[in-house]
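Computed over heavy atoms, backbone and side chain alike; hydrogens, waters and symmetry mates excluded. Residue numbers start from 1 in every chain, and the chains themselves are labelled A, B, ... in the order their sequence lines are given, proteins ahead of strands.
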There are 2 protein chains.
Amino acid sequence: MNSASSNLTNNATAASGAVSPTAGAPATPAATAASTPVASVNTTTAAVSAPAATASPTFSPLYQQIKALITQSLQSGEWKPGELIPSEVELAGRFKVSQGTVRKAIDELAAENLVMRRQGKGTFVSTHHEARAHFRFLRLVPDEGVPHYPESKFIEVKRVRAPADVARLMDLKSGDAVIFIKRVQYFDGVPTIVEELWLPGLIFKGLTAERLVEYKGPMYGLFETEFGTRMIRASEQIRAVCADAGAAQLLNIDLGTPLLSSERVSFTYGDKPVELRRGLYLTSRHHYQNELS
Amino acid sequence: MNSASSNLTNNATAASGAVSPTAGAPATPAATAASTPVASVNTTTAAVSAPAATASPTFSPLYQQIKALITQSLQSGEWKPGELIPSEVELAGRFKVSQGTVRKAIDELAAENLVMRRQGKGTFVSTHHEARAHFRFLRLVPDEGVPHYPESKFIEVKRVRAPADVARLMDLKSGDAVIFIKRVQYFDGVPTIVEELWLPGLIFKGLTAERLVEYKGPMYGLFETEFGTRMIRASEQIRAVCADAGAAQLLNIDLGTPLLSSERVSFTYGDKPVELRRGLYLTSRHHYQNELS
DNA sequence: GAGTGGTCTAGACCACCCG
DNA sequence: GGGTGGTCTAGACCACTCG
């Protein structure tokens with residue numbers, strides 16, 4: 001057994017045979033802990049199939065490998081949303097790398113909102129149960145006054161077979177079981193959003209109208225705690241359309257009123273699509289806010 | 001004179017009187033270069049008015065101060081868009097800090113798209129004259145086919161006095177001189193965007209219809225090279241509206257066709273607003289693409 | 001006071017680019 | 001071959017939190 005438990009490929013540090021710990025590369029924790037010669041941790045250990053040339057064809061920095069390992073633990077549920085993950089020092093020990101390397105890995109995870117750092121306390125798994133997170137995916141804000149979360153009224157919740165277009169966007173087969181949800185959202189009692197959602201039936205088995213109704217707060221929070229599926233990012237396409245009869249009735253507006261149409265695909269770990277959402281937004285007293293940078 | 005040229009406040013490194021370079025904090029470059037005692041660089045030097053307590057009330061990391069200094073040089077035009085800035089090692093020497101600190105400052109500038117790093121070559125000031133940058137502020141992409149840049153036809157270019165609403169959004173006084181531009185943009189010959197722009201007259205003095213017409217490529221490129229004003233970020237508000245007579249005629253569509261309305265304020269260094277842009281987008285064959293993360 | 005993340009330094013080596 | 005950014009390490013100290 002070498003390099004204890006993990007199969008990391010260290011593409012850095014000397015490629016010139018066994019080196020004494022004092023010269024060249026400094027002694028790695030692995031070397032001191034398991035008294036393994038430095039050379040054994042070097043130049044391709046495992047994981048990636050790399051012909052032992054001077055430059056690895058598939059170069060991946062150590063911190064990226066650490067990042068992938070941490071992401072795996074997040075995905076597997078070893079550390080659940082809202083929980084504290086091990087400290088940087090502890091992770092460094094576990095992975096046999098320096099704290100700085102772990103730090104860089106966590107830096108990127110924090111930048112991607114997978115994790116949240118709090119000085120003096122530790123690093124926490126991000127969760128949708130938070131004021132901060134509520135408006136990450138809801139960009140419709142009132143023209144005047146402070147943003148707040150709308151109330152939901154569910155129109156329909158049923159199990160259906162995925163239409164071809166839905167299946168294509170969600171990486172399913174046409175006819176696969178999906179859960180269909182239709183709801184209207186109200187800001188201060190004014191109906192403003194009519195929304196249709198499709199979710200993979202396999203993952204969201206057991207999602208019923210009752211559970212949706214009794215649950216207060218963002219749906220992504222419910223998905224996260226009840227179904228272990230966390231939305232990481234989303235891709236949205238926006239258009240202007242005219243209200244059809246259905247939308248007009250639900251939003252209590254005239255037929256033909258211009259509405260903002262949004263089609264969103266949300267992804268969980270591994271860029272796996274797990275939600276398709278089609279919304280119509282009434283933008284007479286609200287607008288879609290976007291920051292370009 | 002101490003700490004040579006710059007007024008950096010080092011809030012780190014020992015607060016316990018003069019320390020020999022070998023113990024405690026390692027000798028700083030400043031100390032070795034100007035043979036200044038370490039203590040002189042510590043506990044409040046200048047810049048920030050800090051009562052000499054144990055913890056500075058206005059704590060600012062060194063790398064943030066470096067970042068601010070680099071940003072100043074960008075803003076002042078010391079390093080122009082597209083140019084190479086000094087290497088990390090050189091900047092470290094200039095500011096009397098370690099390369100790691102400069103590195104962290106530049107990391108943030110790169111994340112904000114103010115500069116671009118290229119391994120083996122150096123760090124470059126970002127520019128709007130680049131394929132990469134072209135679609136950072138243009139989010140309207142075709143439903144099918146690859147995104148490409150539209151052609152412009154200018155309808156109107158004139159000097160006017162800023163209306164109250166425009167002045168408010170641009171941080172001007174009502175009645176201040178502004179340049180008003182109206183244009184239509186075509187994708188593959190199809191009129192798709194009608195846009196009105198307001199620019200501060202003071203900054204964009206000398207901007208004429210001729211210069212706009214003869215200039216090929218994104219307007220932000222022209223603004224950057226001809227007027228020394230670089231757009232850094234923008235804030236956009238999006239709505240759905242109906243085409244009025246003017247828009248319908250210019251876009252060759254029926255009156256009442258739903259259009260996407262965008263109001264955008266763009267900012268340059270120091271979060272100073274320097275452009276107001278109001279656009280109407282025809283979204284029958286294009287959509288506004290947005291990534292949520 | 002102990003533990004956590006945050007800053008700063010110094011030095012080594014690697015990947016990449018260009019003359 | 002020399003210069004640039006990119007990675008990795010090690011160690012010191014600071015700011016913050018909590019018991």
Side-chain angles (χ1 to χ4, degrees), chain A residues 8 10-16 19 21-32 38 41-43 54-57 59-66 84-92 95-107 110 115-124, chain B residues 8 10-16 19 21-32 38 41-43 54-57 59-66 84-92 95-107 110 115-124:
Chain A
L8 298 179
N10 190 340
N11 328 60
T13 59
S16 54
V19 183
T22 53
T28 65
T32 55
V38 175
V41 193
N42 298 352
T43 50
T54 53
S56 358
F59 170 71
S60 168
L62 242 193
Y63 76 87
Q64 288 286 4
Q65 303 176 45
I66 303 297
L84 188 64
I85 77 171
S87 76
E88 296 177 354
V89 180
E90 188 178 334
L91 289 172
F95 297 134
K96 308 288 183 208
V97 298
S98 80
Q99 182 183 355
T101 301
V102 170
R103 188 164 184 74
K104 183 145 189 184
I106 295 182
D107 276 346
V115 110
M116 258 186 45
R117 326 186 76 143
R118 277 192 251 168
Q119 185 174 164
K121 301 188 72 172
T123 302
F124 296 78
Chain B
L8 299 180
N10 190 338
N11 328 60
T13 58
S16 53
V19 183
T22 53
T28 66
T32 56
V38 175
V41 194
N42 299 351
T43 50
T54 53
S56 354
F59 169 71
S60 168
L62 244 191
Y63 76 87
Q64 289 286 4
Q65 302 177 45
I66 304 296
L84 189 64
I85 77 171
S87 75
E88 296 178 354
V89 179
E90 190 178 334
L91 289 173
F95 297 133
K96 308 289 186 207
V97 297
S98 81
Q99 183 184 353
T101 301
V102 171
R103 187 163 184 74
K104 183 146 188 182
I106 295 182
D107 275 347
V115 297
M116 260 186 42
R117 325 186 76 143
R118 275 191 252 166
Q119 186 173 161
K121 301 188 73 173
T123 301
F124 296 78

K.L.:
Are OP1 or OP2 of C:dT4 and a side-chain N or O of A:S87 less than 4.0 angstrom apart?
P.N.:
yes

K.L.:
Would you say B:K121 reaches D:dG3's phosphate, i.e. side-chain N/O to OP1/OP2 under 4.0 Å?
P.N.:
no

K.L.:
Mind checking the CZ-OG1 spacing from B:F95 to B:T101? Nearest 0.5 Å is all I need.
P.N.:
11.5 Å

K.L.:
Taking OP1 and OP2 of D:dG5, is either one under 4.0 Å from a side-chain nitrogen or oxygen of B:R118?
P.N.:
no

K.L.:
Between P on C:dT9 and NZ on B:K96, what's the gap in Å once rounded to a whole number?
P.N.:
13 Å

K.L.:
To the nearest Å, give me how far apart CD (A:Q64) and C1' (D:dC8) are.
P.N.:
14 Å

K.L.:
With respect to the phosphate group of D:dT4, does any side-chain polar atom (N or O) of B:T123 fall under 4.0 Å of OP1 or OP2?
P.N.:
no

K.L.:
Report the nucleotide, chosen from C:dT7, C:dG6, D:dG6, that has the shortest atom-to-atom distance to any side-chain atom of A:E88.
P.N.:
C:dG6

K.L.:
Provide, to the nearest angstrom, the distance between the NZ atom belonging to A:K104 and the C1' atom belonging to D:dA10.
P.N.:
17 Å

K.L.:
Measure the distance from CZ on A:R103 to P on D:dT7 and round it to the nearest whole Å.
P.N.:
16 Å

K.L.:
Let me confirm one number: the CD1-OG1 distance from B:I106 to B:T123, rounded to the nearest 0.5 Å.
P.N.:
4.5 Å

K.L.:
From C-beta outward on B:V97, which listed nucleotide comes closest to its side chain: C:dT7, C:dT9, D:dC8?
P.N.:
C:dT9

K.L.:
Which atoms form the tightest heavy-atom contact between B:S60 and B:Q65, and what is the distance?
P.N.:
O-NE2, 3.0 Å

K.L.:
Rounded to whole angstrom units, what separation is found between the CG atom of B:L84 and the P atom of D:dG3?
P.N.:
14 Å

K.L.:
Atom CD of A:Q99 and atom C1' of D:dC8: how far apart are they, to the nearest Å?
P.N.:
13 Å

K.L.:
Rounded off to whole Å, could you give me the CD1-to-C1' distance for the B:I106 and D:dG5 pair?
P.N.:
9 Å

K.L.:
With B:S87, which of B:I85, B:V89, B:L84 fulfils side-chain contact (heavy atoms from CB on, under 4.5 Å)?
P.N.:
B:V89

K.L.:
Report the nucleotide, chosen from D:dT7, C:dG6, D:dG5, that has the shortest atom-to-atom distance to any side-chain atom of B:R117.
P.N.:
D:dG5

K.L.:
By nearest heavy atom, map A:V89 and B:G100 onto DNA chain C; which one lands nearer the 5' end?
P.N.:
A:V89

K.L.:
Can you tell which of D:dC8, C:dA10, C:dG5 lies closest to the side chain of B:S98?
P.N.:
C:dA10

K.L.:
To the nearest Å, how far apart are B:Q119 CD and D:dT7 C1'?
P.N.:
10 Å

K.L.:
Between atom NZ of B:K121 and atom CE of B:M116, what is the distance when rounded to the nearest 0.5 Å?
P.N.:
9.5 Å

